[in-house]
Number of protein chains: 4
Amino acid sequence: MARYSALDPEKYIKIRDSAILLFFGQGVENTTMQQIAKNAGIAKGTVYLYFKGREELEKYIFDYCFDLHLKASVKDVDDEKCFTEKLKKRIKNILMWNAEFPKESSIIRSFYTPVNYSDTEDGLFSKSYEINRAYIEAGMKNGEFKNLPIEFLCKIVFSSVEGISTYIKQNSDALYDEDLLNQLIETVIDGIKNH
Amino acid sequence: MARYSALDPEKYIKIRDSAILLFFGQGVENTTMQQIAKNAGIAKGTVYLYFKGREELEKYIFDYCFDLHLKASVKDVDDEKCFTEKLKKRIKNILMWNAEFPKESSIIRSFYTPVNYSDTEDGLFSKSYEINRAYIEAGMKNGEFKNLPIEFLCKIVFSSVEGISTYIKQNSDALYDEDLLNQLIETVIDGIKNH
Amino acid sequence: MARYSALDPEKYIKIRDSAILLFFGQGVENTTMQQIAKNAGIAKGTVYLYFKGREELEKYIFDYCFDLHLKASVKDVDDEKCFTEKLKKRIKNILMWNAEFPKESSIIRSFYTPVNYSDTEDGLFSKSYEINRAYIEAGMKNGEFKNLPIEFLCKIVFSSVEGISTYIKQNSDALYDEDLLNQLIETVIDGIKNH
Amino acid sequence: MARYSALDPEKYIKIRDSAILLFFGQGVENTTMQQIAKNAGIAKGTVYLYFKGREELEKYIFDYCFDLHLKASVKDVDDEKCFTEKLKKRIKNILMWNAEFPKESSIIRSFYTPVNYSDTEDGLFSKSYEINRAYIEAGMKNGEFKNLPIEFLCKIVFSSVEGISTYIKQNSDALYDEDLLNQLIETVIDGIKNH
DNA sequence: GATGAATGAGAGTTCATTCAT
DNA sequence: GATGAATGAACTCTCATTCAT
């Protein structure tokens, strides 16, 4: 994607951070290349040295944000024994990351539905989705989770995490109240686990 | 909103359907007034007889879609006894409607996050949200649902329904397999009900 | 110009008065056919039964206003003996008319200089100009007025009347203070008369 | 007003001259931004680099023309002793300028009366008006001019100059016939001076 | 490599005019 | 004759992209 030839790596960062700030603050569609350049402290034309065009820039921003999300989501997950715990750890990671990176997580979200393309499975989010799926599938075979269509379980987990996130965005204390946080996550688990 | 003066009511429908089709197919932001007019089989200027401008048209489309959603969602809900059942009925209604009106439900969704504003509580979706909240709050006091922050329960239900919907979009059979459908919905209920 | 066939003569008046009001209030260029029709209490299309188009309507309005001006300007002028007195009477008439018909006189003025066409001599105002010219020429041959180019004398009188009018618009008392009014007019006469 | 940042100063001139030519030739209201750009030999969008929009451009053109007028009008005026002479010098200056800059002076005029607002005193022409007023007021106290309302004297002078200008436009020789020119101006002075 | 002036396609909107009812 | 919905040319303005410096 990005061509890290002899170009200044710092500029990528400046452009990226500028775009993230603006995408978050006023929406992707309402942000002009001009604004991104100005806010990055460089000239409009320079952006085109680093990115072929707006499309590539947008993709780069999304990929960057998504990559952060992805890396954060897997942290220490494999330390956990059972798949329930792995999944919980993963959810916790994502919630933490969403809170810590509100701009980046918001931007990821704004790529969900501008147009009606299929979201998770084959789309932009497939990598994250695949990881979830692996745990859930294993946990299902394992008997930890309900025997329901795997695609469904994946989707319910994915969307529930969004739900919790939305709640936390407005009630950030929940993040630091271990008990409460666990209860919130338990909600998701309770939904899919075998009783 | 719409000014049904002496203007042709059929044309409101043509414009509306044209807009819905295009908003769905290529996104709200990528659709021009010109395209909407052409696709409706009328001239560009005519659209402005029916709507003051793009903004009003967009609002009209959203309101129209949302209204459909709202009406469908409450159907027969009060026939149910307990709040768990009421909520289940409501969720079923929404899932049915989403499947029956894929364009309209998709469009509603595309008004979620154009910019980073708080979504459900105070925004465009507040009416739907309030209804959910009433049931959930009652069910919570009732002991049917977990004693967790009401806002949280609302959000988890809201987002879970989105999740199921996404699944059904790609597996529409689920909608006509009563057993399966119940199991999917049970997933949401299991998450929030008192065990 | 206007075709008084079997059309309703009252409508001409309605349209005309509506146009005059709007031309005066917001300028000729800023007034739409729609506004004129609405304000006249008739339908947009009807205007086109009475006038071929905007251009013809504008011309009609101008001609109407100008005709009023013309008729008012010659009243009792020939009762006066010498050309100085005739001219003074004429000026007085115009000042009175301007005050009595502020809208109409303002509209006449707004046809002066939208584009840079030669104004008085051959243009729209030629009729009024010709009358002035006749008096002034006669008065000049007579020795009452300075022996200067006739065109010049005409123009200086014409423009001076405008000047007095402008003053009176903001100091309408002057119109009813016979002495003062005479002094104002004397100013014009003093400029062109043989001392 | 004009933002002489790093933009090409020559282009301001090109745009200005293009606009002046078109405003003069076909009227301000009938001139499009497109035409101005094309006639200036640049692209439509470029105009908007130099001016925020049509309104700013129009204001700039007016201010530019008016400034020329203003500067020309005061030249050598204070070399003259009495106020009569000062005023005469000033009038001569304006007549000269009007002849030398027919487009610019015509454009100034076309900002008089688009809508029916009071013209000289408080409006766009106030600066020029104030200067006139100072001389006339002084000359009146001085006994050089008639003891009439100052506003009136200002207006009659202002309008008379317009009258002479109109004459000269069609008889440009008058400008170079010192004797005649003096006689024309004397006409104005004779009107307002104490006999 | 960096710049930002220049470009022009294309967006939303207005309005004089037409014409079926 | 009267209507006003329909039309589409034309307007102002924006912005992704290019390219000479």
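Every chain is numbered from 1 and lettered A, B, ... according to where its sequence line falls, protein lines coming before strand lines. Bear in mind the structure is a predicted one, so any value in this text is a computation, not a measurement.
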To the nearest angstrom, how far is A:Lys14 atom NZ from E:dT3 atom C1'? 14 Å

pair B:Lys127-B:Phe66: side-chain heavy atoms closer than 4.5 Å: yes

B:Leu57 CG to E:dA11 P, in whole Å, measures 15 Å

Watson-Crick or G-U counterpart of F:dA9, or none if no pair lies under 3.5 Å: E:dT14

In whole Å, what is the span from the OH atom of A:Tyr12 to the P atom of E:dG1? 10 Å

Under 3.5 Å between N/O atoms: give me all the protein pairs with nucleotides 14-17 of chain E, atom names plus distance.
| from | atom 1 | to | atom 2 | distance (Å) |
| --- | --- | --- | --- | --- |
| E:dA16 | OP2 | C:Met33 | N | 2.8 |
| E:dT17 | OP2 | C:Tyr48 | OH | 3.4 |
| E:dT17 | OP2 | C:Arg54 | N | 2.8 |
| E:dT17 | O4 | C:Lys44 | NZ | 3.1 |

If I take atom OH in residue B:Tyr50 and atom C1' in nucleotide F:dG4, what distance separates them, rounded to the nearest angstrom? 10 Å

With respect to the side chain of A:Leu7, which nucleotide from F:dA6, E:dT3, E:dA2 is positioned closest? E:dA2

Side-chain contact, heavy-atom cut-off 4.5 Å: A:Arg109 with A:Asn98? yes

Kindly say whether the aromatic ring centers of A:Tyr12 and A:Phe51 come within a distance under 6.0 Å. yes

Per C:Leu49 side chain, nearest of listed nucleotides E:dT7, F:dG1, F:dA5: F:dG1

In the structure shown, which nucleotide is the Watson-Crick or G-U wobble counterpart of F:dA20, with both distances under 3.5 Å? E:dT3

Please assess D:His69 against D:Ser105 for the test side chain to side chain donor-acceptor pair (under 3.5 Å), listing each intermediate value before the final yes or no. CA-CA 7 Å; D:His69 156 90; D:Ser105 63; over 6 Å; no

Do A:Ile61 and A:Phe23 come close enough that some side-chain heavy atom pair is under 4.5 Å? yes

Expressed as a whole number of angstroms, how long is the span from D:Glu58:CD to F:dT12:C1'? 12 Å

Gap between atoms NZ and C1', on A:Lys38 and E:dT3 respectively (whole Å): 16 Å

Whole Å only: how far is the CD atom of B:Gln35 from the C1' atom of E:dA11? 11 Å

Please find the pair of heavy atoms, one from A:Ser18 and one from A:Ala40, that lie closest to each other, and give the distance. OG-N, 3.4 Å

Quick check: on DNA chain F, is the nucleotide nearest C:Ile42 upstream (toward 5') of the one nearest B:Gly41, or the reverse? Name the residue that is more 5'. C:Ile42

Taking for each residue the nucleotide of DNA chain F bearing the nearest heavy atom, is the 5' side occupied by B:Lys11 or by C:Lys11? C:Lys11

Value in whole Å for how far the C1' atom of E:dG4 lies from CD1 of A:Ile36: 16 Å

Cation-pi check, D:Arg16 onto D:Tyr64 ring (under 6.0 Å, within 45° of axis): yes

